[in-house]
Chemist: 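Dropping the structure in here first, questions after.
Protein chains get the first letters and strands the later ones, always in sequence-line order, with residue 1 at the start of each. In this text the structure is predicted, and so the values were computed from the model without any measurement. Only this structure's heavy atoms are used, side chains among them; waters, hydrogens and symmetry mates stay out.
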Amino acid sequence: MTNDEVAILLHEIGDMLDILGEDRFRVVSYHRAARAVEGLTADVGDLVRDGKLGDIPGVGTAIAEKITEYVTTGRLGYHEELKARFPPGVLDLLQVRGIGPKKVQILWQQLGITDLAGLEEAAKHHRLRRIKGFGEKTEANLLKAIETYRQGQARALIWDAAQLVDAIRAHLESRAPITRLEAAGSFRRMRETVGDVDILVTTRDVKAAMRAFTAFPAVKQVYSEGEIKSSVLVEYDAYTGGKRLLQVDLEILDADSWGAGLQYFT
DNA sequence: GAAAGGCGTCT
DNA sequence: AGACGCC
């Protein structure tokens with residue numbers, strides 16, 4: 001039982017409670033606890049054994065009880081009960097970029113959309129844009145996101161990610177005065193695989209650095225582009241052959257918040 | 001259920 | 001401006 005598995009489970013409970021319109025505080029509590037478990041250096045299984053779960057900030061008696069159940073039995077009744085309240089397919093919608101609990105609730109309750117195919121159909125026939133919070137742009141983005149989701153964004157081998165980071169570094173350094181550049185997140189934690197890459201940068205020309213990043217030749221899609229923070233989808237050559245897709249985020253930091261940023265994003 | 005928040009996008 | 005999604 002890994003910390004990540006426990007964290008995913010807690011996040012899922014939070015999302016399900018959110019979709020069901022349950023108390024905001026409980027929703028936030030589960031996500032907060034999940035984040036705390038993600039960031040743990042100790043193994044959650046060891047903490048259960050030593051009765052130290054309560055030491056985790058964000059984990060109180062109720063959540064500690066649930067973590068214990070999952071770690072000791074491999075199952076979590078509360079999670080299963082919640083899951084049983086959803087038609088199959090509804091929770092898959094959360095996997096589409098741009099769809100969160102609020103939008104799942106609306107799609108499900110107001111349009112009866114319970115799976116990916118239904119969402120795609122509705123977007124194609126412009127049935128979404130009449131719903132509160134949705135518009136023309138959202139429909140277009142969703143169609144693209146569904147396509148990307150279906151292409152399957154598997155986790156990248158750390159070696160492949162390292163090649164990609166090197167290429168991005170060379171590209172940025174050739175186009176902007178980069179003073180520091182480092183990949184944070186799971187990459188810096190030296191996992192075997194990464195689900196995305198977070199790159200932190202300090203530079204004397206923020207605009208040029210950001211422009212260079214989103215103009216990196218292998219960028220297939222720009223999810224967002226701000227002054228100091230951007231997110232893109234990049235194509236890379238897998239070591240095992242073939243082209244793959246990976247999300248890469250760039251954050252530009254002040255020189256004096258470099259250490260804190262590295263800490264925070266790792 | 002137990003003590004977070006900032007940035008970017010869309011309506 | 002407010003809601004939402006995401007890190």
Chemist: Has A:E227 got more than 12 heavy atoms of other residues, nucleotides or ligands less than 6.0 Å from its CD?
Modeler: no

Chemist: Identify the 5'-most and 3'-most nucleotides of DNA chain C with at least one atom closer than 4.0 Å to a non-hydrogen atom of chain A.
Modeler: C:dC4 to C:dC7

Chemist: With a 4.0 Å heavy-atom cut-off, tell me which residues in residues 47-60 of chain A come close to DNA chain B, sorted by residue number.
Modeler: A:P57, A:G58, A:V59, A:G60

Chemist: Heavy atoms within less than 4.0 Å of DNA chain B: which residues of residues 196-213 of chain A have one? Give them sorted by number.
Modeler: none

Chemist: Search all heavy atoms of A:Q247 against all heavy atoms of A:S231 and return the closest pair with its distance.
Modeler: NE2-OG, 3.3 Å

Chemist: Within the structure shown, what part of the strands sits under 4.0 Å from A:K102 by heavy-atom distance: base, sugar-phosphate, or nothing?
Modeler: sugar-phosphate

Chemist: Testing the 3.5 Å rule here: is there a donor-acceptor pair between the side chains of A:E38 and A:H11?
Modeler: yes

Chemist: Verify, without hydrogens or angle tests, whether A:H79 (side chain) and A:I13 (backbone) share a donor-acceptor contact under 3.5 angstrom.
Modeler: no

Chemist: Would you indicate what A:E136 reaches in the nucleic acid, counting non-hydrogen atoms under 4.0 angstrom: base, sugar-phosphate, or nothing?
Modeler: sugar-phosphate

Chemist: Can you pull the contact range of chain A along DNA chain B, 5' to 3', using atoms under 4.0 angstrom from its heavy atoms?
Modeler: B:dG1 to B:dT11

Chemist: Can you tell me if CZ on A:R204 sees more than 12 non-hydrogen neighbours from other groups inside 6.0 Å?
Modeler: no

Chemist: If you measure from the Lys or Arg side-chain nitrogens to the Asp or Glu carboxylate oxygens, is any gap between A:K124 and A:E120 under 4.0 Å?
Modeler: yes

Chemist: How is A:E139 classified with respect to the nucleic acid when contacts are heavy atoms under 4.0 Å: base, sugar-phosphate, or nothing?
Modeler: nothing

Chemist: Does A:R189 CZ have over 12 foreign heavy atoms under 6.0 Å away?
Modeler: yes

Chemist: NA contact type, A:T61, heavy-atom cut-off 4.0 Å: base, sugar-phosphate, or nothing?
Modeler: sugar-phosphate

Chemist: Closer to the 5' end of DNA chain B via nearest nucleotide, is it A:Y78 or A:V28?
Modeler: A:Y78

Chemist: Here's one to test your reading of the geometry: is the NZ or CZ of A:K103 within 45 degrees of the ring axis of A:F134 and under 6.0 Å from its centre?
Modeler: yes

Chemist: Does A:E251 or A:R35 map to a spot on DNA chain B nearer the 5' end, using the closest nucleotide for each?
Modeler: A:R35

Chemist: Give A:F134 one of three labels, base, sugar-phosphate or nothing, depending on what nucleic acid heavy atoms sit under 4.0 Å from its own.
Modeler: sugar-phosphate

Chemist: Distance check, P atoms only: B:dA4 and C:dC6, in whole angstrom units.
Modeler: 23 Å

Chemist: Are A:D160 and A:R244 ion-paired here, with the side-chain N under 4.0 Å from a carboxylate O?
Modeler: no

Chemist: Which part of the nucleic acid, if any, lies within reach of A:E227 when heavy atoms closer than 4.0 Å are counted: base, sugar-phosphate only, or nothing?
Modeler: sugar-phosphate

Chemist: Would A:E69 and A:R75 pass as an ion pair if we require N to O under 4.0 Å?
Modeler: no

Chemist: Just checking, is any N or O donor in the side chain of A:T202 or A:T179 under 3.5 Å from an acceptor N or O on the other one?
Modeler: yes

Chemist: Between residues 6-23 of chain A and DNA chain B, which residues have a heavy-atom gap below 4.0 Å?
Modeler: none

Chemist: Show which residues join A:L245 in its hydrophobic cluster (side-chain heavy-atom contacts under 4.5 Å, direct or indirect), or state none.
Modeler: A:Y223, A:L233

Chemist: Decide salt bridge (Lys or Arg N to Asp or Glu O under 4.0 Å) for A:D46 and A:R49; before the verdict, give the C-alpha distance in whole Å, the side-chain angles of both, and the deciding distance to 0.1 Å.
Modeler: CA-CA 5 Å; A:D46 293 340; A:R49 198 194 50 214; 3.5 Å; yes

Chemist: Tell me whether A:D237 is salt-bridged to A:K243, with the criterion being a basic N under 4.0 Å from an acidic carboxylate O.
Modeler: yes

Chemist: With a 6.0 Å cut-off (strictly less than), is the heavy-atom count around CD of A:E80, excluding the residue itself, greater than 12?
Modeler: yes

Chemist: How about A:E65: does its CD atom have over 12 heavy atoms from other parts shown lying under 6.0 Å from it?
Modeler: no

